[in-house]
Amino acid sequence: MAATVTPHIAGNPATLTARQRELIALASRLGRDRFAPRAARWDREAAFPTENFADLRDAGLLGICVPAAQGGLGADFATYVMVAAELGRHCGSTALSYNMHVCSTMWSGFIADALDMNAAQRADHNRIRALHYARIIDEGRIYSQPFSEGGAAAAGKAPWGTRALKVDGGYRVTGRKIFASLSGAADYYGVLCTLERRSADPGDGGTLHDSLYLAVPAGAPGVVISGDWDPLGMRGTVSRTLSFDDVFVPDEARLMPEGLYWQAAARYPHMFATLSPTYMGIAQAAQDFTVSYLRGEVPGMPPVKRRMYPTKQIAVAQMRVMLEQTRALFLQTAREAGVDPDRDARMRLYAAHYTIMENANAICALAVRTCGGQSMLKSLPLERLYRDSRCGSLMLPWTAELCIDRLGRECLYEAGESDEAIDA
Ligand SMILES: Cc1cc2nc3c(=O)[nH]c(=O)nc-3n(C[C@H](O)[C@H](O)[C@H](O)COP(=O)(O)OP(=O)(O)OC[C@H]3O[C@@H](n4cnc5c(N)ncnc54)[C@H](O)[C@@H]3O)c2cc1C
């Protein structure tokens with residue numbers, strides 16, 4: 001019996017550039033041959049996929065968004081998210097952790113390039129990021145992105161509670177980040193903080209505040225990892241708590257110039273849409289599994305076919321419809337990434353992110369119901385996909401609730417509009 005040919009993660013590969021096809025094929029080979037066979041182990045042990053990161057390093061993929069001039073692969077947004085989705089198809093924890101690393105290079109890379117800086121800031125940023133990129137390309141160092149604090153900051157509704165005080169030659173960082181994926185595994189933690197600078201102007205109350213994005217070395221004195229990690233899903237991300245107790249970092253720890261993060265957050269919303277590709281991959285994996293299960297082709301299972309029952313055909317068709325709806329929005333918004341998207345594109349992005357996160361879980365739930373009891377066994381990947389898929393819409397800054405919240409408001413209010421202004 002001929003095994004099924006599974007769909008390309010980007011739908012029709014003829015719509016891709018040769019470079020995109022090549023990088024997705026690389027991710028596919030790594031995922032299929034190395035990551036998928038190891039995925040159950042990271043999940044069972046709630047352990048970081050160290051071997052997978054060694055493979056990503058050897059393949060040059062740690063530098064996927066590092067500019068080619070600096071030794072990286074120079075991938076743009078669309079290329080990266082398609083590669084990430086393909087990785088998510090084989091191991092969700094690896095793809096999600098990989099995203100935290102890649103964001104450090106993407107935010108400091110082509111996103112920073114698209115933003116306004118004066119000439120001195122840009123020159124300084126180019127000098128500093130070259131140091132970070134050299135660590136990644138030459139030394140294989142891994143970065144992460146602890147962002148969440150448990151308050152309103154990660155939702156963009158309050159300043160970061162983690163503080164960076166400007167001192168001679170650098171900053172002193174104090175604070176706490178929760179759910180810090182790659183804790184204990186990353187070499188540098190890319191921490192978002194509130195910058196405090198002494199001001200001589202009495203109008204400032206003695207202190208100026210701004211945003212700051214710093215790479216804190218994992219081994220710096222004052223960095224402490226704490227807490228348990230035994231979650232429902234995405235167990236290989238090892239997202240424990242990180243504390244920073246008056247940690248000194250030099251000026252060269254900056255991943256963006258002082259204050260630039262707020263400009264990025266306001267003008268480049270796609271920067272927050274890089275978590276969902278992992279879940280696009282999980283949704284595809286649930287469909288792939290269901291088809292091969294119903295065809296009696298799952299390795300290690302008796303070759304019992306279940307495809308002839310109309311109920312199975314309807315369910316798998318429903319899954320495919322949802323999957324293609326999800327993929328269409330995923331691809332469209334991937335290709336729209338850029339600075340200052342118009343209001344429509346921004347709303348489409350919230351809708352896409354919401355759809356991917358929610359549909360991934362809905363497709364996995366339908367896959368479990370359709371494949372039945374045996375598919376829930378730990379010896380098969382579906383129950384892990386189901387658990388992993390549950391995590392996506394909980395992730396800040398764009399949880400499913402917050403996407404709906406923003407979308408609803410932006411559908412009904414023009415920029416700057418308020419009910420008071422209308423009523424007046
Ligand atoms: C597997 C996994 C890996 C993760 N990795 C990382 C990581 O590497 N780095 C990182 O920074 N974070 C990471 N996170 C954290 C994640 O983004 C959330 O911050 C975390 O799940 C805590 O969320 P919470 O539900 O406790 O947040 P809460 O702040 O308690 O929010 C609860 C819910 O309330 C809603 N809500 C929150 N704030 C507002 C608001 N202002 N207005 C309206 N509604 C609001 C949201 O819908 C949210 O889901 C990870 C999470 C998971 C599950």
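Atoms within each ligand, like the ligands themselves, are counted from 1 in listed order.
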Q) Is the closest protein non-hydrogen atom to atom 26 (O) of ligand 1 under 4.0 Å? A) no

Q | Under 3.5 Å: N/O of Phe179 near N/O of ligand 1 | A | yes

Q) With a 4.0 Å cut-off on heavy atoms, does Ser239 reach ligand 1? A) yes

Q: For the pair Tyr261 and Phe147, name the ring-plane relationship: parallel under 30°, tilted 30 to 60°, perpendicular over 60°.
A: perpendicular

Q) Just checking, is any N or O donor in the side chain of Ser108 or Tyr213 under 3.5 Å from an acceptor N or O on the other one? A) no

Q. Has ligand 1 got any nitrogen or oxygen that is less than 3.5 angstrom from a nitrogen or oxygen of Asp405?
A. no

Q: Look at atom 30 (O) of ligand 1 and say which protein heavy atom is nearest, naming residue and atom and giving the distance to 0.1 Å.
A: Gly150 O, 5.0 Å

(Q) Quiz question: by atom type and distance under 3.5 Å, do the side chains of Arg122 and His125 form a donor-acceptor pair? (A) no

Q) Should you measure from each heavy atom of Ser181, which atoms of ligand 1 turn up under 4.0 Å away? A) 3 (C), 4 (C), 5 (N), 6 (C), 7 (C), 8 (O)

(Q) I'd like to know if the side chain of Ser28 and the backbone of Ile24 have a donor-acceptor N/O pair within less than 3.5 Å. (A) no

Q. How far is atom 1 (C) of ligand 1 from its nearest protein heavy atom, and which residue and atom name does that atom have?
A. Met234 CB, 3.4 Å

**Q.** Min heavy-atom dist Ala154 to ligand 1 below 4.0 Å
**A.** no

(Q) For the backbone of Ala186 and the side chain of His101, can you confirm whether one donor and one acceptor N or O come within less than 3.5 Å of each other? (A) no

(Q) Check this for me: does any side-chain nitrogen of one of Glu196 and Lys166 sit under 4.0 Å from a carboxylate oxygen of the other? (A) no

(Q) When you measure from the side chain of Tyr133 to the backbone of Thr105, do you find a donor-acceptor pair of N or O atoms at a distance under 3.5 Å? (A) yes

Q) What do we get for Pro146 next to ligand 1 when only non-hydrogen atoms under 4.0 Å count, side chain, backbone, both or neither? A) backbone

Q | Under-4.0 Å heavy-atom contact between protein and atom 41 (N) of ligand 1 | A | yes

Q) Does a side-chain N-to-carboxylate-O contact under 4.0 Å join Arg235 and Asp388? A) no

Q.
I'd like to know if the side chain of Gln70 reaches the main chain of Pro67, judged simply by a donor and an acceptor atom lying under 3.5 Å from each other, with no hydrogens or angles considered.
A. no

Q: Keeping the roles fixed (side chain from Arg343, backbone from Glu410), state whether a donor-acceptor pair exists under 3.5 Å.
A: yes

Q. Quick one: does ligand 1 sit under 4.0 Å from the side chain of Ser148, the backbone, both or neither, non-hydrogen atoms only?
A. both

Q. Under 30°, 30 to 60°, or over 60°: which ring-plane class applies to Tyr80 and Tyr98, parallel, tilted or perpendicular?
A. tilted

Q: Give the residue and atom name of whichever protein heavy atom lies nearest to atom 38 (N) of ligand 1, and the separation in Å to one decimal.
A: Ala155 CB, 3.8 Å

Q) Of all the non-hydrogen atoms in the protein, which one sits nearest to atom 21 (O) of ligand 1, and at what distance? A) Leu394 O, 3.7 Å

(Q) Any nitrogen or oxygen of Leu396 lying under 3.5 Å from a nitrogen or oxygen in ligand 1? Just yes or no. (A) yes

Q | Heavy-atom nearest option to atom 45 (C) of ligand 1, drawn from Val191, Leu402, Ile404, Thr237 | A | Leu402

Q: Give a yes or no on whether atom 11 (O) of ligand 1 lies under 4.0 Å from any heavy atom of the protein.
A: yes

(Q) Please report whether atom 32 (C) of ligand 1 has a protein non-hydrogen atom at a separation of less than 4.0 Å. (A) no

Q. If we only count N/O pairs under 3.5 Å, is Lys157 in contact with ligand 1?
A. no

Q) Going by atom types alone, do Thr162 and Glu149 pair a side-chain donor with an acceptor below 3.5 Å? A) yes

Q: Return a yes/no value: protein heavy atom under 4.0 Å from atom 5 (N) of ligand 1?
A: yes

Q: Check each of Gln145, Arg390, Glu401, Glu149 against atom 9 (N) of ligand 1 and report the one with the nearest heavy atom.
A: Gln145

(Q) I'd like the name of whichever of Arg235, Met100, Met395, Arg406 reaches closest to atom 50 (C) of ligand 1 through any heavy atom. (A) Met395

Q: Please could you name the atoms of ligand 1 that Thr399 approaches to less than 4.0 Å, counting only its heavy atoms?
A: 46 (C), 47 (O), 48 (C), 49 (O)

Q. Sub-3.5 Å donor-acceptor pair from the side chain of Arg163 to the main-chain atoms of Thr174, do we have one?
A. no

